[in-house]
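Worksheet for the structure shown next.
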Amino acid sequence: MLTMRFFTITCKLILSLVVLSGPLSLAHSAVVIQYHHVSDSTPRQTSINPKLFQAHMDYLEKSGFKVISLESFVKQVEQGIDFDDKTVLITFDDGYLSVYEDALPILVKKQYPFTVFVNAKPIEQGLSQWMTWEHLRELKRKGATIANHSYLHQHLIRKQEGESDGDWLNRVSHDLALNQQKLDKELGKSVKALAYPYGEYNSNIQKLVRQLGYVGFAQHSGAVDKFVDLSAISRFAFGGDYGNIEDFAVKVNTLPLPVIKWKLLDSQGGELTDHVLPEGEFRPRLKLWLEDGDIIKRLNCYFSGQGKTGKLTSKDSVVFELKANIKAGRSRFNCTVAADKEGRFYWSSYPVIKGLPNGQWYKE
Ligand SMILES: [Zn+2]
């Protein structure tokens, strides 16, 4: 896949020299957007006001975005078909009632397909903030894809006390299968797609998800193209401080950074095989290889809670360094650079997860 991207980038470079066209990979960006509640009366951090949601959808329509279904998104990547520029996939996590009450009428009017990732347990319990199976059946009739968000909505990367790797992965696998069975039974068979609860995955979970035949949606921001890893698809989340109309416009117009290779390094410069950091590691570095020297020069990454990172450049690569020790929790390197004069940005990110210094997980 890396070689293929390298080949494509090289071809585009040659082409752009010949026809003096615009910047690289401008034409094939897809952006996956993520919401939870569409309501004024639910937790602010995970909610977007219904009027603002309407403004987002109006923006997509008037700016000529193409909204596609999850099934089309996956098919295009699997078949290596370029996305049309300004492609958007709309997703909601958890299956909250406000999606039925406030988002559905707007989406139906626009005839936009969308996806809801559902964890079935609160639906079975009849919790009032969630949709019912009847609501979900209606959503499906009206063009929604309903997909997996696990049954128990746990942190999939966390092993329980005394659990072996095998037991842990069996437990996760059973939880995903249980949820899929409930969705299939209540709503009819659907595509095998999973949104990781809390956006958390690690290399073992990715491997499992691939083996089980799911595609995996994460929660680190960034645009994608047909080279996206289908076990860790970036999404831009909107809610709380994120999602005013200017912020939304910038994000849906982003392009994937044309990176040939990403590597997470430890503080000594050795390669880390997982973005969940080992005990004792507090200063991971991010190394990117890029074809375009101009982008290498101009690119910046920002780390959660620390602002702009330190930067060491060479001819074909760049290393980003933290300015302070990483805190426990989910963080990310957000890497952006202006892509053209019309105000579009390349934007990709790299997630990093750190447990507590004593090796335990933090409470959420
Ligand atoms: Zn969730």
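In listed order, ligands and their atoms are each counted from 1.
- Within the cation-pi definition used here (under 6.0 Å to the ring centroid, within 45° of the axis), Arg330 does not qualify as a partner of Tyr201.
- Judged purely by distance below 3.5 Å, without hydrogens or angles, the side chains of Gln219 and Tyr196 never pair a donor atom with an acceptor atom.
- Under 4.0 Å is where a charged nitrogen must lie from a carboxylate oxygen, and between Lys121 and Asp175 no such pair does.
- Between the CG atom of Leu169 and the NZ atom of Lys159 there is a distance of 8.5 Å, given to the nearest 0.5 Å.
- A donor-acceptor pair shorter than 3.5 Å can be found between the side chains of His153 and Asp94.
- Inspection of the environment of the Zn ion (ligand 1) yields the following protein N, O or S atoms under 2.8 Å: Asp94 OD1, His149 NE2, His153 NE2.
- Ring geometry for Phe236 versus Trp347: interplanar angle over 60°, hence perpendicular rather than tilted (30 to 60°).
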